[in-house]
Number of protein chains: 2
Amino acid sequence: MPRAGLSTQAVVQAAVDVIDEHGIDALTLAAVATRCGVAAPSLYKHVGGLAELKTQVGVRVLNELADRFAAAAMGRSGRDAITALMHAYRAYVTAHPARYAAMPVDPLHHPELAAAGIRQLEIIQAALRPWQLDAAAQIHTIRRLRVIAHGFASLESAGGFGLPTDLDETYQQLIDAFFDSLPAHP
Amino acid sequence: MPRAGLSTQAVVQAAVDVIDEHGIDALTLAAVATRCGVAAPSLYKHVGGLAELKTQVGVRVLNELADRFAAAAMGRSGRDAITALMHAYRAYVTAHPARYAAMPVDPLHHPELAAAGIRQLEIIQAALRPWQLDAAAQIHTIRRLRVIAHGFASLESAGGFGLPTDLDETYQQLIDAFFDSLPAHP
DNA sequence: GGCGATGGCTAATGCTAGTAGCTTTAAGGC
DNA sequence: GCCTTAAAGCTACTAGCATTAGCCATCGCC
């Protein structure tokens with residue numbers, strides 16, 4: 001009975017792999033266990049159960065996206081930074097479409113997910129700083145940004161656009177519309 | 001053994017009720033059967049199985065939304081009509097938040113759902129007619145509209161906005177941004 | 001070398017979807 | 001008013017899932 005040498009992170013990684021390959025609905029403990037070369041009950045030594053595993057996958061995905069955000073925002077500011085963030089968002093989703101369905105939409109309401117969600121938020125806030133928005137305007141602005149990015153990503157990742165042609169153009173128009181909704185760049 | 005007098009539509013209605021009350025994840029044949037006062041296998045006399053039931057629920061939801069669209073667009077045109085459609089969309093989702101998760105995002109790819117999806121599309125196309133957009137511009141415009149409506153609705157229905165305050169304002173700003181992305185109304 | 005914690009296992013429970021085959025109901029023809 | 005028959009219910013069953021309990025082997029440490 002050789003030991004598989006698992007860890008919580010290894011199980012989460014296997015779960016992400018299962019999602020990438022077979023979609024979010026195929027994420028079962030049985031599938032993860034098979035991929036880990038282990039019997040299903042053994043996973044409970046590393047993870048609290050399916051619900052907790054899904055939460056951990058959510059944390060992973062949120063942090064990966066935050067990493068992309070950080071990389072995209074680095075060395076840019078203003079309009080340039082926001083544009084880079086929007087493209088980083090879409091690039092992550094198109095690279096891992098199935099994974100997007102595992103990204104929680106309300107991370108701030110969940111203690112385990114909040115930290116990762118706040119990381120993203122802070123990067124966006126920093127990118128918006130040049131516009132010097134007051135508190136209320138900032139909330140509305142981030143919401144608009146999020147609606148556009150999430151709305152587009154969720155439709156694209158789910159195959160919601162009839163023809164895949166010219167999606168770049170549609171996304172660019174949405175980004176342009178967002179900038180038009182902002183006061184002039186200082 | 002008195003007969004329950006079920007029908008396909010009655011089963012679909014029960015499924016919608018289960019979703020409204022307990023969320024999309026609670027939609028199981030067992031739950032629907034209980035609500036219908038029937039044993040689970042009996043449902044197969046009216047519905048092909050869980051997958052088909054979900055499709056039928058999707059048809060129902062798409063058609064309900066199309067009905068709202070038709071009512072909202074009636075007697076209006078141009079900017080007024082589009083605004084009414086956007087508010088009808090959001091009103092339906094806030095009235096039945098759990099149901100929104102049952103609305104398929106790619107109805108046109110599924111033969112059973114296509115008709116209902118096309119109904120919605122035609123109403124939107126008619127509302128956009130005053131702008132006399134060429135074919136490509138019309139596609140991009142409908143996509144922008146959809147991204148905004150779906151993005152906002154999916155976040156709101158899932159509790160994705162931190163504080164519920166001022167959501168009307170955010171939505172209005174998005175609608176305004178959409179109009180700004182259109183050529184001047186003729 | 002021994003000991004305890006850890007990571008694996010099998011067995012068993014209870015939930016789910018779905019199938020097979022039986023029985024009763026209810027509608028329609030005579 | 002009866003008799004046939006299709007439809008609509010049922011029970012019993014299989015198979016896959018998550019989860020729990022309890023057992024045993026492995027590994028790190030003293």
Please report, rounded to the nearest Å, how far the [atom2] atom of [N] is from the [atom1] atom of [X].
X     : N      : atom1 : atom2 : result
B:L53 : C:dA17 : CG    : P     : 10 Å
B:D25 : D:dA18 : CG    : C1'   : 15 Å
A:L6  : D:dA25 : CG    : P     : 20 Å
A:E52 : D:dT19 : CD    : P     : 10 Å
B:K45 : C:dT24 : NZ    : P     : 14 Å
B:Y44 : C:dT19 : OH    : P     : 6 Å
B:L43 : D:dC10 : CG    : C1'   : 13 Å
B:L29 : D:dG9  : CG    : P     : 15 Å

Consider the side chain of [X], meaning its heavy atoms from C-beta on, and name the nucleotide among [options] that approaches it most closely.
X     : options                : answer
A:A39 : C:dT10, D:dC17, D:dG9  : C:dT10
B:P41 : D:dT19, D:dA12, C:dA17 : D:dA12
B:T28 : C:dG18, C:dT16, C:dG8  : C:dT16

Using a strict cut-off of less than 4.0 Å between a Lys/Arg side-chain nitrogen and an Asp/Glu carboxylate oxygen, indicate whether A:R90 and A:D168 qualify as a salt bridge.
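Yes.
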Does the side chain of A:Y100 pick up a donor-acceptor pair with the side chain of A:Y89 at under 3.5 Å?
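There is such a pair between these side chains.
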Do A:T170 and B:H140 meet the criterion of a side-chain donor-acceptor pair at a distance under 3.5 Å?
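Note: A:T170 and B:H140 side chains meet the donor-acceptor criterion.
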Does C:dT6 have its OP1 or OP2 closer than 4.0 Å to a side-chain nitrogen or oxygen of A:H46?
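A:H46 to C:dT6 OP1/OP2: no side-chain N or O under 4.0 Å.
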Phosphate contact (D:dC10 OP1 or OP2) by B:S42 side-chain N/O below 4.0 Å
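Checking B:S42 against D:dC10: at least one side-chain N or O falls below 4.0 Å of OP1 or OP2.
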What's the separation between atom CZ in B:F178 and atom CD in A:Q173, rounded to the nearest 0.5 Å?
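The CZ atom of B:F178 sits 10.0 Å away from the CD atom of A:Q173.
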